[in-house]
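Structure, as structure tokens:
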2 protein chains.
Amino acid sequence: MSPAHQREPHTHDDTAAKEAAILERLRADGGRVTTGRRAIVRALLTGPDHHVTADDVARVVQAEHPDVHLSTIYRTLDALEHLGVVDRVNLGPGGAIYHLTDHAHHHLVCESCGTVIEVRDELFTDLARRLDEQHGFAMPARHLAIVGRCKTCRDEASSRD
Amino acid sequence: MSPAHQREPHTHDDTAAKEAAILERLRADGGRVTTGRRAIVRALLTGPDHHVTADDVARVVQAEHPDVHLSTIYRTLDALEHLGVVDRVNLGPGGAIYHLTDHAHHHLVCESCGTVIEVRDELFTDLARRLDEQHGFAMPARHLAIVGRCKTCRDEASSRD
DNA sequence: GTCGATGCAAACGTTTTGCACACTG
DNA sequence: CAGTGTGCAAAACGTTTGCATCGAC
């Protein structure tokens, strides 16, 4: 899981390669590559958090390209979602989060502090099988979000709840 | 699962008793019982579907009491939620659904047709235990919604997907 | 009469859309 | 140059809130 290397998890070359690959997919789909789209893709790849809202992306992008409009962010994220490059996870009121699909997992969202915990999807395979068997229901393989309460907020709550 | 009785699942007396009990809880909490609230509670008890949106409730209530405002529906549902009488389940865009808490279960929501399937929460106990053990995360005991694809829509999709 | 509930309208935050223009390929 | 992406503004969406008034207890 964690090699002995003391280097950053991703080198710049790594990020640049992924960026190029994604832009290539946009082109392959008949789309165009613009300054705005390049910045949005870069924001998705280099952001500190792997789970970002449209607004998060906008802030990062607009820091360098103030003229990239929020609607462009939404349209581009939508295009990337259709290409299968990003997943959109709806979190009810308060907005959705986006993340790259190369990062397959489910999400535990704390209703109290908003923290997103990633969970390996193997934890859900039993459940998925049973939902299929008993209800014929196909659980999404990715981008499932369960809203509950994280450890920290539970501990805080137990002192006063 | 299905007894031989050919009667309705709930008699009128049954519904009336539940209605009275809920209104009593409102009063016990220092709240008032108004025409609007009575109608809202009745709508929750007698609706054909156990999963209703605020708008669904509004339509039923306003059929008989056109002057009951949507904001009143929201405020009353909110009050009932705080009393623990109803659960609110956020379904991302498209709004939330409400249902009585005496009806403990989780939800499978079809992303394609919107159908809500109820699932016994026992199916989730294994998962809940593991999320607790491995992540310290508390899964909600009720009103969890998993968005996926129901049997019908899967079958339709398989012909063309 | 006190305090809570209501109607109304307006604001909210996120997301979508119609349009004319700008740019990519 | 064809066709796609963009900024902008406005609307859509479900939901919340401030306020004056009404009504329950």
| Closest-nucleotide ordering on DNA chain C, the 5'-leading residue of B:H69 and A:G31 |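 The residue whose closest nucleotide sits nearer the 5' end is B:H69.
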Length of the [atom1]-[atom2] vector between [X] and [N], whole Å:
| X | N | atom1 | atom2 | value |
| --- | --- | --- | --- | --- |
| A:D67 | C:dA22 | CG | P | 14 Å |
| B:D56 | D:dT15 | CG | P | 11 Å |
| A:L70 | D:dA10 | CG | P | 16 Å |
| A:L91 | C:dT15 | CG | C1' | 14 Å |
| B:L26 | C:dA5 | CG | P | 8 Å |
| A:I73 | C:dT16 | CD1 | C1' | 15 Å |
| B:L77 | D:dT16 | CG | P | 10 Å |
| A:R38 | D:dG5 | CZ | P | 14 Å |

Do the side chains of [X] and [Y] get close enough for a salt bridge, i.e. N-O under 4.0 angstrom?
| X | Y | result |
| --- | --- | --- |
| B:R59 | B:D55 | yes |
| A:E133 | A:R130 | no |
| A:R129 | A:D132 | no |

| So which one's nearest nucleotide on DNA chain D is more toward 5', A:I40 or B:D78? |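 Taking each residue's closest nucleotide, the earlier one in sequence belongs to A:I40.
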| query | Across the strands shown, which category fits B:D55 at heavy-atom distances under 4.0 angstrom: base, sugar-phosphate, nothing? | reply | nothing
| task | Mind checking A:A96 for me? I need base, sugar-phosphate or nothing, with any heavy atom below 4.0 Å counting as a touch. | result | sugar-phosphate
Does [X] make a side-chain N or O approach to OP1 or OP2 of [N] shorter than 4.0 Å?
| X | N | value |
| --- | --- | --- |
| B:T72 | C:dG7 | yes |
| A:T34 | D:dT6 | yes |
| B:T76 | C:dT6 | yes |
| B:R32 | C:dC3 | no |
| B:Y74 | D:dT16 | no |

| query | Would you say the side chains of A:R75 and A:S71 form a donor-acceptor pair under 3.5 Å? | reply | yes
| request: Ignoring hydrogens and angles, answer whether the base of C:dG25 and the side-chain atoms of A:R27 contain a donor-acceptor pair closer than 3.5 Å. | output: no
| query | Is a donor-acceptor pair below 3.5 Å formed from side chain B:R75 to base C:dG7, judging by atom type as modelled? | reply | yes
| Quick one: which of C:dT15, D:dG5, D:dG7 gets closest to the side chain of A:R37? | D:dG5
| said: Can a donor-acceptor pair be found, under 3.5 Å and without considering hydrogens, that links the side chain of B:T115 to the backbone of B:C110? | reply: no
